[in-house]
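Contents: one structure, followed by commentary.
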Amino acid sequence: MTDLFLHDSAARTKRRFQPIDPAHVRMYVCGPTVYDLAHLGNARPVVVFDVLARLLRRLYPKVTYVRNITDVDDKINARSRDSGEPISAITARTTADFHRDMAALGALPPDVEPRATGHIAEMIALIERLIANGHAYAADGHVLFSVPSFGDYGKLSGRTPDELLAGARVDVAPYKRDAGDFVLWKPSDDATPGWDSPWGRGRPGWHIECSAMSWKHLGEEFDIHGGGHDLIFPHHENEVAQSVCAFPGHAFAHYWMHNGMLLVDGEKMSKSLGNFRTVRDILAEGPWAGEAFRLLLLRTHYRASLDFTMEALREAKAELDDHYAMLSRAPAAPGGSAASHLADWVIAPLLDDLNTPLALARLRDLRTLENAVTVGGSPAVAMERAGLAAPPAPGVAAAAFREAAAVLGVATGDPAAWLQGGGDDAADVEAAIAARLAARKAKNWAEADRIRDDLKAKGIVLEDGAGGTTWRRA
RNA sequence: GGUCCGGUGGCCGAGUGGUCAGGCAAGGGUCUGCAAAACCCUCUACAGCGGUUCGAUUCCGCUCCGGACCUCCA
């Protein structure tokens, strides 16, 4: 395997990935604020960084992937006020919903999933350091980060503080020394969650939690920080400011990765626009929908914006149908070096800034190769692309497919379950197939076709192959 | 208004200074009792206008269009 290259948002270019410690790669990704069901846009970073985590685990002996849960936030407080549901109930339920939805998308859990409310002490410690270092000040019950105290402020998002202020959409609070200063800690009234602190009972600002949790679980400096593109400013810009100023001499995240936005009808899906669709909505389409949506997400490069359509979801399902059909008919074969070599060929595009669309195209070539040697046909074109001089033995391309697909987290399920699951009439289908076989032996084509049409009406598709008749649900 | 990203064939979507992306859809074919599946073939595009170059879809400039960010956001 060759080197891994990642697009670094801070450098605005692709950089060769050089881990701080090759024996232990560390990655932090911004997780959800748990006050509502995850929408489609929330799923994109989860799936994208799930693939990156899988890839890193293939390349390095140890990977620690941290993704937080934000369970203290004014949106949660507002939700509780509106609905009357206790905050703890909202966050517990929404966290469980999030876990279930992301599992349905085939996303493996992160190694550590810290909760903001479990890291209040670390946040306070961080704020105290910032005050001691002259980068923060208490005012009117608040603690604010002093933006002018950090010369590199704006470097990540590529703006100057002046530019940022030019279009600011908010009124400047009177207790701010500088209009760009942002809140680290704010006072809570009796009806609002709060923790005792040197500045009185209060709660953290939005950005300090990620600085605290990444510090606690990954240290002052770590390899990769990920999240949605819309988080670059202000969230990540402020995180950098907090962490670098709290720990002078440390660079915080070495690589910043941001996924593009998911659009619906050409516009960003967001709660404020009210055009969001939940992951739950998609999962309701059928047992296939979670994996199909995952594939849909990976069919577009992670940094490009992606316009979601139901048609694209159905196309992704059709692609999985074909993948699983191939896997179900391919003979078992030992992995071996031929298979590993082919798997590496599929995985290689991922080393170039996670080029999942190209990797998926090569995965299809593996399917073509296996089909050609298993079912019949010419493997020539796929062979040429894969750089093969001779067709692989039956089962080898399928073994390579499974190995590569595991890195993408796509088509990793049981083929029979995918193709034939979702019903309890399997025995009836088998009986009908046997009856049709008898009719065919007797050259009673009318009866054979009647049985086939009968099954088709029930959503069962028959396929007569060299090895007998197989069936699947449409 | 400022900053940034992008416009690839009917649709989706990689990539490249000069010989192939790929998928879906469509049409044709091989196979099949007929189908289905599989495989093969066809469909040859890079928003527009300039510039650099022997040569530009690829680099540069301008224009048009779309999107994101500018202290809620994945």
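Numbers restart at 1 for each chain; the letters A, B, ... are given by sequence-line order, proteins then strands. Please read these numbers as outputs of a predicted model, since none were measured by experiment.
Note on A/Arg452: a base of the nucleic acid sits closer than 4.0 angstrom, heavy atoms only. Across all strands, A/Ile232 comes closer than 4.0 Å to no nucleic acid atom at all (heavy-atom distances). Across all strands shown, A/Arg67 has no heavy atoms under 4.0 Å from either base or sugar-phosphate atoms. Across all strands, A/Lys268 comes closer than 4.0 Å to base atoms (heavy-atom distances). Heavy atoms of A/Met326 sit nowhere under 4.0 angstrom from any nucleic acid atom. As judged by a 4.0 angstrom heavy-atom cut-off over every strand, A/Thr300 is placed among residues touching the sugar-phosphate backbone only.
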Restricting to nitrogen or oxygen on both sides, can you table the protein-nucleotides 15-17 of chain B pairs closer than 3.5 Å?
unit_1, atom_1, unit_2, atom_2, d
B/G15, OP1, A/Asn355, ND2, 3.3

Detail all sub-3.5 Å separations between protein N/O atoms and N/O atoms belonging to nucleotides 36-41 of chain B.
unit_1, atom_1, unit_2, atom_2, d
B/A36, N1, A/Asp464, O, 3.1
B/A37, O2', A/Arg329, NH2, 2.9
B/A38, O3', A/Asn371, ND2, 3.3
B/A38, O2', A/Gly376, O, 3.0
B/C39, OP1, A/Asn371, ND2, 3.4
B/C39, O4', A/Gly376, O, 3.4
B/C39, O3', A/Ser378, O, 3.0
B/C39, O2', A/Ser378, N, 2.7
B/C40, OP1, A/Ser378, O, 3.3

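For the pair A/Asp230 CG and B/G67 P, the computed distance is 16 Å after rounding to whole Å. Rounded to an integer number of Å, the gap from CG of A/Asn238 to P of B/C73 is 10 Å. Whole-Å rounding puts the A/Leu360 CG to B/C24 P distance at 13 Å. Residue A/His236 contributes atom NE2, which lies 17 Å from atom C1' of B/C4 at whole-angstrom precision.
Separation of the C1' atoms belonging to B/A21 and B/U8 is 12 Å when rounded to the nearest angstrom. Separating the C1' atom of B/G10 from that of B/A26 is a span of 9 Å, rounded to the nearest Å. Separating the P atom of B/U42 from that of B/G22 is a span of 11 Å, rounded to the nearest Å. With C1' as the reference atom, B/C31 and B/C41 are 15 Å apart, rounded to whole Å. Atom name P, nucleotides B/G6 and B/G61: the rounded distance is 13 Å, in whole Å. The P atoms of B/C39 and B/C24 are separated by 9 Å, rounded to the nearest whole Å.
A perpendicular orientation is assigned to the rings of A/His258 and A/His229, their planes being inclined by more than 60° (bins at 30° and 60°). In this structure, A/Phe182 and A/Phe145 have parallel ring planes: the angle between them is below the 30° cut-off, well short of the 60° mark.
Counting only heavy atoms from C-beta on, A/Thr33 has its side chain closest to B/A74 among B/C34, B/A74, B/C24. Here B/C34 is the nucleotide among B/C69, B/C34, B/U71 with the atom lying nearest to any side-chain atom of A/Arg440. In this structure, the nucleotide among B/U71, B/G33, B/A74 sitting nearest to the side chain of A/Pro234 is B/U71.
In the interface, the side chain of A/His229 is not paired with the base of B/A74 through any donor and acceptor atom under 3.5 Å apart. With hydrogens and angles ignored, no donor-acceptor pair closer than 3.5 Å exists between the side chain of A/Asp365 and the base of B/G22.
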Between A/Met257 and A/Leu6, does a side chain to side chain contact (heavy atoms under 4.5 Å, CB included) hold up when you go through it step by step?
CA-CA 8 Å; A/Met257 295 178 68; A/Leu6 297 173; 3.8 Å; yes
Steps toward side chain to side chain donor-acceptor pair (under 3.5 Å) verdict (A/His135, A/Ser149):
CA-CA 6 Å; A/His135 290 290; A/Ser149 76; 2.7 Å; yes
Worked check of side chain to side chain contact (heavy atoms under 4.5 Å, CB included) between A/Gln420 and A/Trp471
CA-CA 7 Å; A/Gln420 302 180 341; A/Trp471 65 278; 3.3 Å; yes
Side chain to side chain contact (heavy atoms under 4.5 Å, CB included) between A/Thr469 and A/Glu463: does it pass, once the steps are laid out?
CA-CA 6 Å; A/Thr469 299; A/Glu463 290 165 9; over 6 Å; no
Test log, rule salt bridge (Lys or Arg N to Asp or Glu O under 4.0 Å), inputs A/Asp464 and A/Arg436
CA-CA 11 Å; A/Asp464 297 331; A/Arg436 175 168 170 270; 2.8 Å; yes
Between A/Asp352 and A/Asn355, does the side chain to side chain donor-acceptor pair (under 3.5 Å) criterion hold? Intermediate values first, please.
CA-CA 6 Å; A/Asp352 181 17; A/Asn355 190 341; 5.0 Å; no
Start with the C-alpha gap between A/Asp353 and A/Tyr302, add the side-chain angles, then the distance that decides, and say whether side chain to side chain contact (heavy atoms under 4.5 Å, CB included) holds.
CA-CA 9 Å; A/Asp353 194 33; A/Tyr302 78 93; 2.6 Å; yes
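Not a single salt bridge (Lys or Arg N to Asp or Glu O under 4.0 Å) links A/Arg362 to another residue, sequence neighbours left out. Under the side chain to side chain donor-acceptor pair (under 3.5 Å) criterion, A/Thr70 pairs with A/Asn68, A/Glu209, not counting sequence neighbours.
For residues 381-395 of chain A, the set of pairs meeting the salt bridge (charged side-chain N to carboxylate O under 4.0 Å, His left out) definition, not counting sequence neighbours, comprises A/Asp365-A/Arg385.
The side chain of A/Arg385 places an N or O atom within less than 4.0 Å of a non-bridging phosphate oxygen (OP1 or OP2) of B/G22.
Looking at which nucleotide of RNA chain B each of A/Tyr302 and A/Ala446 is closest to, the 5′-most match is held by A/Tyr302.
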Dot-bracket encoding per residue of RNA chain B, Watson-Crick/G-U cut-off under 3.5 Å, | denoting interstrand
(((((((..(((.....[...))).(((((.......)))))....(((((..]....))))))))))))....
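Put simply, the residue from A/Phe252, A/Tyr153, A/Trp256 that forms a ring pair (Phe, Tyr, Trp, His ring centres under 6.0 Å) with A/His236 is A/Trp256.
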